[in-house]
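See structure below.
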2 protein chains.
Amino acid sequence: MDSINIKQLAEKLNLSTSTVSRAFRGHSDINKETKEKILAMARELNYQPNHMASNLRDKKSRTIAVIVPEIANNFFSRAINGIERVARDNGYHVQIYLTNDDFDREVAFISQLHNGRVDGIIMSVTGEANDHSYMHKFRKKSIPLVFFDRMYDDINASKVSTNDYDSSFAATKHLIDKGCTRIVYLVVNKNLSIGKMRMQGYKDALESAGLPFVENLVIDCSNELIHNIDILEGVFRVIKPDGVFASVERLAIASYYVCHNMNLKIGDDIKIICFSSLEIASLLNPPLSTITQPAYDMGVEAAKILFRQLGMIEERTGNNDENVSEQVVLQSDLVIRQSTLGLK
Amino acid sequence: MDSINIKQLAEKLNLSTSTVSRAFRGHSDINKETKEKILAMARELNYQPNHMASNLRDKKSRTIAVIVPEIANNFFSRAINGIERVARDNGYHVQIYLTNDDFDREVAFISQLHNGRVDGIIMSVTGEANDHSYMHKFRKKSIPLVFFDRMYDDINASKVSTNDYDSSFAATKHLIDKGCTRIVYLVVNKNLSIGKMRMQGYKDALESAGLPFVENLVIDCSNELIHNIDILEGVFRVIKPDGVFASVERLAIASYYVCHNMNLKIGDDIKIICFSSLEIASLLNPPLSTITQPAYDMGVEAAKILFRQLGMIEERTGNNDENVSEQVVLQSDLVIRQSTLGLK
DNA sequence: TTGTACGCGTTATCAC
DNA sequence: GTGATAACGCGTACAA
């Protein structure tokens with residue numbers, strides 16, 4: 001431990017620690033020359049104010065937490081990219097927490113983070129239907145929380161989402177327009193509000209086209225590829241759907257594997273569309289039609305809201321009420337490709 | 001700010017702060033009953049020891065930094081996944097820093113992190129050929145550093161890599177075996193040691209097959225898809241290679257786009273193979289042959305080394321020298337798919 | 001313009 | 001088994 005502290009630096013300069021401190025904070029008046037001298041010496045000795053100490057003093061960690069289900073996932077990694085960008089611009093640091101869709105871990109993270117370690121939290125929740133009233137306990141504390149994409153409706157916090165209902169409606173309608181009549185809806189977790197919204201869009205699109213909503217066509221899947229392949233093989237064999245609407249990317253991927261295995265021609269025998277952030281959707285065999293969410297922008301928006309609540313950015317309106325929670329809805333893009341078109 | 005501190009908690013219990021502190025640290029002897037009473041009250045008042053204060057006291061942040069070029073990237077996001085896993089198991093927190101391949105940012109991060117904010121650093125460097133002697137300055141400090149995948153050879157630190165040379169040799173040999181004679185090598189940054197290793201494997205494989213190494217067949221690319229497409233269109237038109245060895249995934253992706261545009265049949269007209277962590281390589285059109293790196297495991301290894309150096313894990317050997325830097329080499333897998341096979 | 005002194009919240013050391 | 005106290009490193013009110 002050969003790092004130097006403010007006291008030692010002050011001694012070397014024959015100055016008091018307060019003066020040295022001032023040189024870094026820029027605050028109070030300080031002689032231009034002494035300041036330069038201090039900074040020069042600091043550079044030479046490679047001194048930097050200890051953050052733990054500074055943070056303890058002004059009760060700010062200059063750090064935010066990002067809690068997500070997983071990171072090896074196009075959507076979340078891009079969102080984090082956006083968050084990091086904004087955080088860095090504001091001089092903040094970003095801590096990552098992965099729940100792996102484990103509710104207990106989520107609770108543990110949330111609890112641990114309310115001890116001054118971070119100034120705010122951005123999160124996308126696990127899908128567990130458990131009681132999440134535990135969060136209320138923390139909502140009363142001063143640390144702001146922003147949800148993005150996956151959220152708990154019953155928690156009062158700022159939220160960044162996309163127009164899931166409209167997108168789902170449009171995607172389902174697209175399948176119907178292309179001639180599908182037996183469209184399965186693949187979902188991992190029906191309890192998530194986002195899952196509900198997407199399913200509602202699917203339902204309503206069916207209805208408005210005069211097609212019945214059949215409970216059996218809603219397929220519960222998991223996060224395990226192997227498991228999903230099992231499930232879908234059964235579904236494709238028994239139900240013989242002519243359309244697949246996957247609420248998340250990995251379910252479309254599983255569908256592709258199964259179709260390839262079963263020699264089903266995607267686009268012809270069965271049309272597939274899904275929510276996805278896959279940048280190479282057009283390179284798949286066949287190119288995959290997607291509802292593309294603005295993942296990066298969602299991260300940026302979520303972070304901006306958080307920093308606004310942290311007072312780092314001027315309020316959007318003249319309103320200075322820090323407790324107002326913002327709701328932002330971004331638009332997804334429906335990108336039609338071969339998987340829902342078939343042979344041209 | 002309605003969070004409570006140890007003093008207030010102590011008052012409410014008619015105890016001293018030391019006793020309360022002990023209840024949490026488990027340390028010294030403490031009456032079972034008082035301890036329980038304290039923990040109960042703590043739970044009720046939702047008290048948690050302030051980490052800034054604890055950290056300041058014992059000079060540990062229980063936090064590590066992960067510096068990577070980007071996160072919206074299969075390889076890095078999986079590696080981070082592995083790192084987070086190990087960190088969490090050790091009760092550590094993970095901070096993410098993205099350089100976006102900007103050398104200045106890398107330097108800035110490294111500098112900022114040496115003020116007690118983190119206890120250790122895991123990083124994959126930018127490709128810049130600049131002078132990185134600045135790192136030496138910090139190497140002397142006590143905070144441990146572990147490189148993974150992309151590293152600076154001249155910096156003495158622990159390193160986790162894969163058998164890049166062997167993989168490259170094998171991949172190139174595979175192309176040659178499949179009949180390729182004009183194989184281009186696509187690279188983003190030739191200055192990286194990893195780039196050099198991979199190119200050497202390519203070179204040596206050519207040589208051992210009696211093929212000449214032609215400087216013109218080494219194509220410098222960038223990180224911009226649009227730009228790479230431009231470059232590759234020219235290359236494919238003028239040089240007319242029958243084989244492509246992409247040193248990173250995104251260059252293979254760009255090649256796919258270009259081949260699709262130019263109506264080149266991948267696998268037949270031109271064979272493509274690359275380093276990649278793409279889980280859906282087999283769903284591409286055509287399925288992409290890859291050298292698959294154990295990204296997750298690399299993250300795990302890097303983190304384990306770091307924690308070993310932090311003294312969190314018992315040393316591997318009986319050797320207690322903390323300054324010994326470890327070198328770990330993991331094996332990549334060569335996975336042959338249609339992109340290098342052509343029509344069966 | 002600079003120096004002095006205190007407190008941020010915790011925990012280890014020492015005394016009782 | 002418990003309480004008082006000092007110190008971690010910094011930043012600011014106050015004094016000079």
Side-chain angles (χ1 to χ4, degrees), chain A residues 1-39 41-42 45-63 112 114-119 141-143, chain B residues 1-39 41-42 45-63 112 114-119 141-143:
Chain A
M1 186 71 66
D2 59 349
S3 51
I4 201 174
N5 65 21
I6 197 173
K7 205 169 172 182
Q8 295 163 3
L9 181 59
E11 277 178 16
K12 283 224 202 298
L13 288 159
N14 269 331
L15 289 171
S16 76
T17 59
S18 22
T19 311
V20 174
S21 179
R22 274 187 273 261
F24 286 92
R25 293 327 219 68
H27 264 331
S28 323
D29 318 299
I30 178 174
N31 188 315
K32 196 89 180 175
E33 283 180 33
T34 34
K35 178 171 180 177
E36 306 240 319
K37 214 183 302 177
I38 293 172
L39 293 181
M41 181 66 88
L45 297 182
N46 199 19
Y47 165 80
Q48 292 180 256
N50 179 300
H51 264 277
M52 291 299 138
S54 312
N55 292 340
L56 174 59
R57 226 204 155 261
D58 52 12
K59 298 189 170 193
K60 273 198 177 183
S61 61
R62 297 210 145 255
T63 305
Q112 285 173 25
H114 285 264
N115 50 24
R117 182 177 277 283
V118 299
D119 296 343
K141 288 213 172 190
S142 58
I143 153 173
Chain B
M1 188 70 68
D2 59 347
S3 51
I4 201 174
N5 65 22
I6 198 173
K7 207 169 172 182
Q8 296 162 1
L9 181 59
E11 278 178 15
K12 282 224 201 302
L13 288 158
N14 269 330
L15 289 170
S16 74
T17 59
S18 358
T19 311
V20 175
S21 178
R22 272 188 275 258
F24 287 92
R25 293 327 219 67
H27 265 330
S28 324
D29 320 296
I30 177 174
N31 189 315
K32 196 92 179 173
E33 284 179 32
T34 34
K35 178 170 179 176
E36 305 240 321
K37 215 183 304 177
I38 292 172
L39 293 181
M41 181 65 88
L45 297 182
N46 199 19
Y47 164 79
Q48 291 181 256
N50 179 300
H51 263 276
M52 291 298 137
S54 309
N55 292 340
L56 174 60
R57 238 211 145 253
D58 53 12
K59 297 190 172 194
K60 272 199 179 181
S61 61
R62 296 210 148 256
T63 305
Q112 285 172 25
H114 285 263
N115 49 25
R117 182 178 278 282
V118 299
D119 296 343
K141 289 212 172 190
S142 58
I143 152 173

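We name chains A, B, ... by the order of the sequence lines, and we start the count at 1 in each one. Source: prediction; values computed, not measured.
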Looking at A/Thr19, I'd like to know whether one of its side-chain N or O atoms comes within less than 4.0 Å of OP1 or OP2 on C/dG3. yes
In this structure, how many angstroms lie between the C1' atom of D/dT12 and the CD1 atom of A/Ile30, rounded? 14 Å
Nearest-Å distance, NZ (B/Lys32) to P (D/dT2)? 13 Å
Let me test you: for the helix from C/dT1-D/dA16 to C/dC16-D/dG1, what is the angle between the axes at its two ends (five pairs each), rounded to 10 degrees? 40°
Taking 4.0 Å as the cut-off, does a side-chain nitrogen or oxygen of B/Lys35 come that near to OP1 or OP2 on D/dG1? no
Per A/Asn50 side chain, nearest of listed nucleotides D/dG9, C/dG9, C/dA12: D/dG9
Would you kindly give the NZ-to-P distance between A/Lys37 and C/dT1, to the nearest whole Å? 14 Å
Write down the atom of A/Arg25, the atom of A/Asp58, and the distance for their closest heavy-atom approach. NH2-OD2, 3.6 Å
I need the CD-C1' distance between A/Glu11 and C/dG3, as an integer number of Å. 14 Å
To the nearest 0.5 Å, tell me how far B/Leu45 CG sits from B/Ile4 CD1. 4.5 Å
Starting from C1' on D/dG11, measure out to CE on A/Met52 and report it in whole angstrom. 17 Å
Pairs involving residues 8-20 of chain B, ordered by first then second residue, that meet side chain to side chain donor-acceptor pair (under 3.5 Å) (sequence neighbours left out): B/Ser16-B/Ser18, B/Ser16-B/Thr19
Could you check how far CD1 of B/Ile6 sits from P of C/dC8, rounded to whole Å? 14 Å
Any non-hydrogen side-chain atom of A/Leu39 less than 4.5 Å from a side-chain atom of A/Phe24? yes
Can you tell me if B/Ser21 touches the phosphate of C/dT11, counting only side-chain N or O atoms and a distance under 4.0 Å to OP1 or OP2? yes
Heavy atoms, side chains only, cut-off 4.5 Å: are A/Asn5 and A/Asn50 in contact? no
Nearest-Å distance for atom pair NE2/P, residues B/His51 and D/dC8: 21 Å
Side chain of B/Leu56 only, heavy atoms from C-beta on: which candidate in D/dG11, C/dG9, C/dT10 is closest? C/dG9
Rounded distance (Å) that lies between atom P of C/dT11 and atom CG of B/Asn5: 12 Å
A/Lys60 side chain near C/dC8 phosphate (N/O to OP1/OP2, under 4.0 Å): no
Closest to side chain of B/Leu15, choosing from C/dT11, D/dG3, D/dC10: D/dG3
Candidate nucleotides D/dC10, C/dT10, D/dC8, ranked by approach to the side chain of A/Tyr47 - the nearest: D/dC10
Please pick, from D/dC10, C/dT11, C/dG9, the nucleotide with the shortest atom-to-atom distance to any side-chain atom of B/Ala53. C/dG9
Residues two or more places apart in sequence or in another chain: which of them pass side-chain contact (heavy atoms from CB on, under 4.5 Å) with A/Thr63? A/Ser61, A/His93, A/Gln95, A/Val118, B/Gln95, B/Arg117
Table of protein N/O atoms under 3.5 Å from nucleotides 4-7 of chain D N/O atoms:
{"unit_1": "D/dA4", "atom_1": "N7", "unit_2": "B/Ser18", "atom_2": "OG", "d": "3.1"}
{"unit_1": "D/dA4", "atom_1": "N6", "unit_2": "B/Ser18", "atom_2": "OG", "d": "3.1"}

Residues passing the side-chain contact (heavy atoms from CB on, under 4.5 Å) test with B/Glu36, sequence neighbours excluded, are B/Lys32
Contacts of type side-chain contact (heavy atoms from CB on, under 4.5 Å), residue B/Thr34, not counting sequence neighbours: B/Ile30, B/Asn31
